[in-house]
Amino acid sequence: MRLSQYPINTAKETPAEAEVLSHQLMLRAGLIRRVAAGLYSWLPIGLRTLRKAEAIIREEMNRAGALELLMPVVQPGELWQESGRWTAYGPELLRFKDRHERDFVAGPTHEEVITDIVRRDIKSYRQLPVNFYQVQTKFRDEIRPRYGVMRAREFIMKDAYSFHTDEASLQQGYRAMHDAYIRIFTRMGLDFRAVRADSGPIGGDVSQEFHVLAASGEDAIAFSDEDGYAANLEAAAALAPKDPRPAPREAMSEVTTPGARTIEELSRMLRVEPSRCVKTLLVDGSDQDVVAFVLRGDHELNAVKAQRLPGVALPLRMAGAERIARATGAETGFIGPVGLRCRIYADHSALALADFVCGANRKDMHLTGVNWERDVAGVTAADIRNVREGDPSPSGRGHLKIARGIEVGHIFQLGRKYSEPLKAAVLDESGKEVTLLMGCYGIGVTRVVAAAIEQNHDERGIIWPEPLAPFQVVLVPLNLQKSARVREVADRLYNELTAQGVEVLYDDRDARPGVKFADAELLGIPHRLVVADRGLDAGRLEYRHRRDSESTEFPADEAVEFIKSRMR
RNA sequence: CGGGGUGUAGCUCAGCCUGGUAGAGCGCUGCGUUUGGGACGCAGAUGCCGGAGGUUCAAAUCCUCUCACCCCGACCA
């Protein structure tokens with residue numbers, strides 16, 4: 001593409017509306033334009049990247065045996081009433097009526113439609129398993145769209161749905177998608193993790209999320225530095241310490257600690273490490289009572305784990321001052337497990353302490369030299385804390401690292417959640433009717449593009465992973481308007497590379513060098529080729545990868561081979 | 001939906017408190033000089049000051065209502 005014929009409009013200044021870097025860069029580089037809250041147009045250069053992401057996804061879905069189809073954005077309300085989601089989905093589901101006053105929705109997802117297709121067209125177990133997928137625009141009327149294309153109301157999603165007669169086949173189909181997703185994100189050149197998602201009350205290991213690692217990610221994930229273990233922070237198990245608890249050495253004694261309400265203040269006042277202190281949090285119990293959680297001073301309560309325990313009120317709620325006073329006779333900051341008469345859960349690592357410090361259940365008083373069993377009884381051991389960087393991995397290999405991630409994919413075993421109400425069933429070998437098992441598998445295509453930028457940029461702009469770059473090569477001629485020699489070499493290079501299938505962005509604008517360099521870097525094109533009189537005097541051109549800090553020179557007549565060797 | 005904030009040129013923003021002829025930088029157009037890191041000079045174009053109502057001799061500025069957008073909290077690819 002000749003830039004002189006494409007009206008790019010890059011901006012030096014950061015648009016005020018954009019908060020995250022990928023959004024800022026996408027606007028500045030002219031990849032997208034906002035139309036309304038959560039609605040974006042994709043301009044030609046941005047669309048090229050979007051199409052590349054889609055192409056990789058299609059290739060890998062097809063390779064995995066999935067069949068592409070296309071379902072409408074607008075769906076009849078009836079189907080949603082049938083599945084029960086007409087009422088269950090909430091205001092995020094955009095509903096409207098047509099001129100005949102019939103209910104319709106703008107599809108946020110397509111389980112209903114695909115299940116409807118399958119129940120009409122699939123009649124026999126012999127036609128199964130199948131996996132249908134599409135790349136389609138979705139609409140979710142988010143309360144608060146933000147971060148540009150990362151959390152838009154309208155977005156493009158690849159969604160796939162598999163159907164099976166038995167559990168083993170579902171497992172197999174799920175596995176195939178898992179492997180396809182690994183190939184997809186690997187091919188896109190992204191640093192990502194497949195993460196165990198909290199499976200919630202349903203239970204079972206049936207859901208995995210795919211996260212692109214990026215400092216600005218919305219989710220915290222924990223992963224092993226030695227094997228493939230990765231989990232949402234909420235879902236990552238904290239192992240009990242291996243070493244046995246040391247024997248008590250100190251006697252328990254009371255100390256005055258005026259005003260020391262936090263572990264930090266306490267630790268400073270008594271000159272004791274926070275990891276030798278214990279904190280006691282009280283939450284509402286499912287009856288009138290409270291439930292106590294005891295954690296090491298340097299650990300944090302994990303609400304998801306805590307609210308799964310018997311006796312805890314749902315959702316998890318910290319106890320109010322009144323209940324605390326009734327249960328302990330003290331106030332927050334001075335609570336401890338000694339003599340506490342309520343259900344007590346202690347985290348494994350708190351239980352591994354000996355001679356620790358805790359609240360005395362009296363204002364401005366703490367206890368030192370406290371020991372389990374000797375001084376505190378009736379405690380239930382549990383995993384109730386967030387894992388921390390450096391904790392041993394629950395997989396048994398390596399230690400945990402914590403990173404932030406952007407969720408770009410989710411695979412899920414749905415079971416009969418939709419096939420049951422929508423009555424999707426076939427006859428099996430024995431002529432018996434079986435309700436189909438279903439899996440669904442999503443990738444946020446538009447979000448992947450934003451996530452790629454979030455992960456790959458510097459102060460000058462985007463640094464595209466090559467498989468997603470809108471162009472592979474940016475050709476920058478200097479003094480093009482005056483130097484016939486530069487024009488001739490640059491034109492020839494553009495034609496030759498283009499003829500060989502290389503995607504070249506040819507900056508033939510009448511602009512100063514600084515402008516061209518700055519735009520090339522903002523746009524993030526991986527390979528830059530500079531044609532200038534200075535180099536041509538010696539018969540040389542200049543090459544620089546977007547990640548390089550220095551340019552390299554090479555003979556001008558080997559340009560095509562040179563650039564192709566760099567692109568491998 | 002609750003809380004906070006912003007609407008002025010294509011973009012980033014000043015002006016508003018204390019009412020009196022609409023501003024800057026970037027971008028855009030023309031001409032000239034310049035040409036290896038977002039150049040310089042000269043000349044220009046561009047505004048329903050988000051909208052409606054009110055107060056006033058006079059409103060971008062004060063008041064009321066309204067709309068849009070942004071930010072902080074519960075969902076999700």
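Letters go in sequence order (proteins before strands), and every chain restarts at 1.
- Pairing partner, rG44(B): rC28(B), with both Watson-Crick or wobble hydrogen-bond distances short of 3.5 Å.
- Of all nucleotides present, only rG51(B) satisfies the Watson-Crick or G-U wobble test against rC65(B), with each distance under 3.5 Å.
- Between the CG atom of Asp510(A) and the C1' atom of rU34(B) there is a distance of 11 Å, rounded to whole Å.
- Because its NZ or CZ atom is both nearer than 6.0 Å to the ring centre of Trp86(A) and within 45° of the ring axis, Arg95(A) counts as a cation-pi partner of that residue.
- Looking at heavy-atom distances under 4.0 Å, Pro108(A) makes no contact with the nucleic acid at all.
- Across the C1' atoms, rG47(B) and rA14(B) are found 15 Å apart, a figure rounded to whole Å.
- Ionic pairing of Glu521(A) and Arg546(A) is not present here: no N-O contact between side-chain nitrogen and carboxylate oxygen is shorter than 4.0 angstrom.
- One interatomic measurement links the two molecules: CD of Glu521(A) to C1' of rG36(B), which rounds to 12 Å at whole-angstrom precision.
- Remark: Arg193(A) qualifies as a cation-pi partner of Phe223(A) under the 6.0 Å distance and 45° angle criteria applied to the six-membered ring.
- By the 6.0 Å and 45° rule, Arg540(A) does not stack over the aromatic ring of Phe554(A).
- Partner assigned to rC1(B) is rG73(B), using Watson-Crick or G-U wobble distances below 3.5 angstrom.
- Between His178(A) and Phe210(A), the angle of the ring planes lies from 30° to 60°, which puts this pair in the tilted group.
- One finds no salt bridge joining Asp507(A) and Arg2(A) here, because no Lys/Arg side-chain nitrogen approaches an Asp/Glu carboxylate oxygen to under 4.0 Å.
- Look at the C1' atom in both rA9(B) and rA60(B): the space between them is 14 Å, to the nearest Å.
- Salt bridge absent: Lys417(A) and Glu111(A) never bring a charged side-chain N and a carboxylate O closer than 4.0 Å.
- Nearest-nucleotide positions on RNA chain B for Asp533(A) and Glu13(A) put Glu13(A) closer to the 5' end.
- Across the C1' atoms, rC13(B) and rC76(B) are found 36 Å apart, a figure rounded to whole Å.
- Taking a 4.0 Å limit (strictly below) on heavy-atom distances, residues 455-488 of chain A reaches RNA chain B at Arg460(A), Leu478(A), Asn479(A), Lys482(A).
- Note: CZ (Arg544(A)) to C1' (rG36(B)) measures 11 Å, nearest angstrom.
- When the nucleotides rG37(B), rC69(B), rU12(B) are ranked by their closest atom to the side chain of Arg528(A), rG37(B) comes out on top.
- By the side-chain hydrogen bond (donor to acceptor under 3.5 Å, both in side chains) test, Thr115(A) is found to be paired with no residue, residues two or more places apart in sequence or in another chain being considered.
- A distance of about 45 Å separates the P atoms of rA68(B) and rC31(B), rounded to the whole Å.
- Residue Lys12(A) has a polar side-chain atom (N or O) positioned under 4.0 Å from OP1 or OP2 of rG27(B).
- Salt-bridge annotation for Glu59(A) and Arg63(A): absent, with no side-chain N of the basic residue lying under 4.0 Å from a carboxylate O of the acidic one.
- Using cut-offs of 30° and 60° for the angle between ring planes, the Tyr174(A) and Tyr441(A) rings count as tilted.
- Atom CZ of Arg28(A) and atom C1' of rG38(B) are 10 Å apart (whole Å).
- For the C1' atoms, the distance from rC72(B) to rA77(B) is 24 Å, rounded to whole Å.
- Contact of Asn9(A) with rG10(B) (side chain to base): no donor-acceptor pair of N or O atoms is detected under 3.5 Å.
- Taking atom P on both rU29(B) and rU66(B), the two are 43 Å apart, rounded to the nearest angstrom.
- With both ends at atom C1', the span from rU61(B) to rG19(B) equals 6 Å, rounded to whole Å.
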Sugar-phosphate or base contact per nucleotide [nucleotides 72-77 of chain B; S, B, -; heavy atom under 4.0 Å]: BBBBBB
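- The base-pairing partner of rG36(B), taking Watson-Crick or G-U wobble contacts with both distances under 3.5 Å, does not exist among the strands shown.
- Residues in residues 511-532 of chain A take part in these ring-ring contact (aromatic ring centres under 6.0 Å, His included) pairs, two or more places apart or across chains: His527(A)-Tyr543(A), His527(A)-His545(A).
- Using a 4.0 Å heavy-atom cutoff across all strands shown, Asp159(A) reaches no nucleic acid atom at all.
- If you measure from atom CZ of Arg509(A) to atom C1' of rG38(B), you get 10 Å, rounded to the nearest angstrom.
- Between Val515(A) and Gly38(A), the one whose closest nucleotide on RNA chain B sits nearer the 5' end is Val515(A).
- Using a 4.0 Å heavy-atom criterion, one finds that Ala37(A) contacts the sugar-phosphate atoms exclusively.
- Here rA59(B) sits opposite no nucleotide as a Watson-Crick or G-U wobble pair (both hydrogen-bonding atom distances under 3.5 Å).
- At a threshold of 4.0 angstrom between heavy atoms, the contacts of Ala16(A) are confined to the sugar-phosphate backbone, with no base atom among them.
- In this structure, Lys52(A) pairs ionically with Glu503(A), as a charged nitrogen and a carboxylate oxygen lie closer than 4.0 Å.
- Within the nucleic acid shown, Thr14(A) comes within 4.0 Å of sugar-phosphate atoms alone, with no base atom in reach, counting heavy atoms only.
- Between the C1' atoms of rU55(B) and rU64(B), the separation comes to 11 Å (whole Å).
- Rounded to a whole Å, the CZ atom of Arg512(A) is 9 Å from the P atom of rC40(B).
- Residues forming a side-chain hydrogen bond (donor to acceptor under 3.5 Å, both in side chains) with Tyr133(A) (at least two apart in sequence, or on another chain): Asn62(A), Glu68(A).
- Rounded to an integer number of Å, the gap from CD of Glu553(A) to C1' of rG36(B) is 12 Å.
- Between the side chains of Gln75(A) and His110(A), at least one donor-acceptor pair of N or O atoms lies under 3.5 Å.
- Residues from residues 40-65 of chain A lying near RNA chain B, meaning a heavy-atom separation below 4.0 Å, are absent.
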